[in-house]
Amino acid sequence: MVYSKDTESEPGIYGYSRAAFTALTHSVCIVFTVFIAILSRPGSSLFSWHPFFMTLSFSFFMTEAILLFSPHGSLIRKFTHKTKGRVHWILQCLCVSCALLGLAAISLNKHLNGKPHFTSWHGLLGLLTVCVVVLQSLAGLPLIYHSLAKGWSLAKLKRYHAATGLVTYLLGTVSLLLGLSSAWFTASVREYTWYLSALCPALGGLVIMNQVTSAYTAKKRLQS
């Protein structure tokens, strides 16, 4: 994803508030992932790997992969854009790997227990999200190796990748929220804990959406 340097010069409270929310998102995605890991106890059962890997994939790796380009809270802000792009793709590969492992864990668990597959909204949307994130990551290869996309301008590829990346992230966010409504999670936490947990992916979704749309708006403003 590409972000104009114009967004780095936002003055006043707006710029500081965006920096604060980005920093909060870094913390929240880590805390939420650790919380789910503790709750699921990966390795205690075959099912336990599903919430662990899916949360690690979409709450941690994918969030951090996009925040790398944040002008307000990137952990490698001073690195070149080319370096950021390569680190972004590495994190996305980890995201895809964890998503596939999480999908494999729940599929095998249901098969061994004789349960039907993909019968809930969480299951159906989760399957769609995993398929989309695989395609999205593969589609990012031409941004690193531009020779793979002959006839396409790099600027256009970056715009499409940013737009589809946002859609993919929001799909992952909704999938996580639906997972929090599952029988396993609701039986494992108290009501107030559920609401606090739901705020974590929701906050990430809002911050990422603001980051991408603000960059697009800034780019259009520069071109006008």
Side-chain angles (χ1 to χ4, degrees), residues 25-67 89-140 164-206 208-209:
T25 303
H26 281 298
S27 301
V28 164
C29 75
I30 295 172
V31 170
F32 180 65
T33 303
V34 171
F35 172 67
I36 296 297
I38 294 172
L39 196 66
S40 61
R41 294 182 298 134
S44 60
S45 66
L46 181 57
F47 170 81
S48 67
W49 291 107
H50 174 67
F52 170 70
F53 277 127
M54 288 305 194
T55 306
L56 187 62
S57 174
F58 294 104
S59 178
F60 182 71
F61 285 130
M62 196 173 188
T63 302
E64 290 299 330
I66 299 175
L67 289 180
W89 197 75
I90 291 171
L91 290 175
Q92 279 298 105
C93 286
L94 292 171
C95 169
V96 170
S97 299
C98 288
L100 291 173
L101 288 170
L103 179 63
I106 192 62
S107 297
L108 183 57
N109 183 70
K110 284 183 176 291
H111 174 72
L112 293 176
N113 288 283
K115 294 182 179 180
H117 297 262
F118 313 117
T119 56
S120 65
W121 283 111
H122 173 61
L124 290 170
L125 188 62
L127 176 62
L128 174 63
T129 303
V130 172
C131 292
V132 171
V133 78
V134 170
L135 293 174
Q136 170 70 6
S137 296
L138 291 175
T164 55
L166 176 59
V167 173
T168 304
Y169 187 84
L170 294 178
L171 281 174
T173 298
V174 176
S175 295
L176 286 175
L177 289 171
L178 290 174
L180 297 182
S181 300
S182 66
W184 167 75
F185 189 78
T186 53
S188 302
V189 300
R190 298 176 181 272
E191 185 177 0
Y192 70 89
T193 306
W194 187 92
Y195 285 109
L196 287 174
S197 299
L199 281 174
C200 296
L203 173 66
L206 289 172
I208 296 300
M209 185 164 57

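Note: hydrogens, waters and symmetry copies are ignored here, and every other heavy atom, side chains too, is used.
The side chain to side chain donor-acceptor pair (under 3.5 Å) pairs that include a residue from residues 120-132 are T129-S175, where partners are two or more places apart or lie in different chains.
Taken to the nearest 0.5 Å, the CD1 atom of I36 stands 4.5 Å off from the CZ atom of F185. Taking CE of M62 as the reference point, atom SG of C98 lies at 13.0 Å (rounded to 0.5 Å). The distance from atom OG of S188 to atom CD1 of I38, rounded to the nearest 0.5 Å, is 13.5 Å.
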Contacts under 3.5 angstrom, residues 106-113 side chains, donor-acceptor by atom type, not counting sequence neighbours:
from : atom 1 : to   : atom 2 : distance (Å)
S107 : OG     : L103 : O      : 2.8
N109 : OD1    : N113 : ND2    : 3.3
N113 : ND2    : N109 : O      : 2.7

Using a 3.5 Å cut-off and no angle test, enumerate the donor-acceptor pairs between side-chain atoms of residues 192-200 and protein atoms at least two apart in sequence or in another chain.
from : atom 1 : to   : atom 2 : distance (Å)
W194 : NE1    : L180 : O      : 2.5
S197 : OG     : T193 : O      : 2.8

Give the table of side-chain donor-acceptor pairs shorter than 3.5 Å for residues 53-61, with sequence neighbours excluded, one pair per line with atom names and distance.
from : atom 1 : to  : atom 2 : distance (Å)
T55  : OG1    : P51 : O      : 2.7
S57  : OG     : C95 : O      : 2.6

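When the side-chain contact (heavy atoms from CB on, under 4.5 Å) test is applied to L170, the partners found at least two apart in sequence or on another chain are L166, M209. Judged as a side chain to side chain donor-acceptor pair (under 3.5 Å), and not counting sequence neighbours, T168 has no contacts. Every residue two or more places apart in sequence or in another chain that forms a side-chain contact (heavy atoms from CB on, under 4.5 Å) with H26 is listed here: T22, E64, L67, L75. With sequence neighbours excluded, the residues forming a side-chain contact (heavy atoms from CB on, under 4.5 Å) with S44 are R41, S48, listed by chain and number. Taking F47 as the reference, W184 meet the ring pair (Phe, Tyr, Trp, His ring centres under 6.0 Å) condition, with sequence neighbours excluded.
When all heavy atoms are compared, the tightest approach of T173 to G205 is OG1-CA, 4.1 Å. Closest of all the heavy-atom pairs between F52 and S40 is CB-OG, 3.9 Å.
The side-chain heavy atoms of L178 and V174, taken from C-beta on, include a pair separated by under 4.5 Å.
Under a 3.5 Å cut-off, the side chain of H50 and the backbone N or O of G102 do form a donor-acceptor pair.
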For side chain to side chain contact (heavy atoms under 4.5 Å, CB included), just list the numbers for V96 and Q136, CA-CA rounded to whole Å, side-chain angles, deciding distance to a tenth of an Å, and then say yes or no.
CA-CA 10 Å; V96 170; Q136 170 70 6; over 6 Å; no

Evaluate side chain to side chain contact (heavy atoms under 4.5 Å, CB included) for L91 paired with L94, printing each intermediate quantity in order.
CA-CA 5 Å; L91 290 175; L94 292 171; 4.3 Å; yes

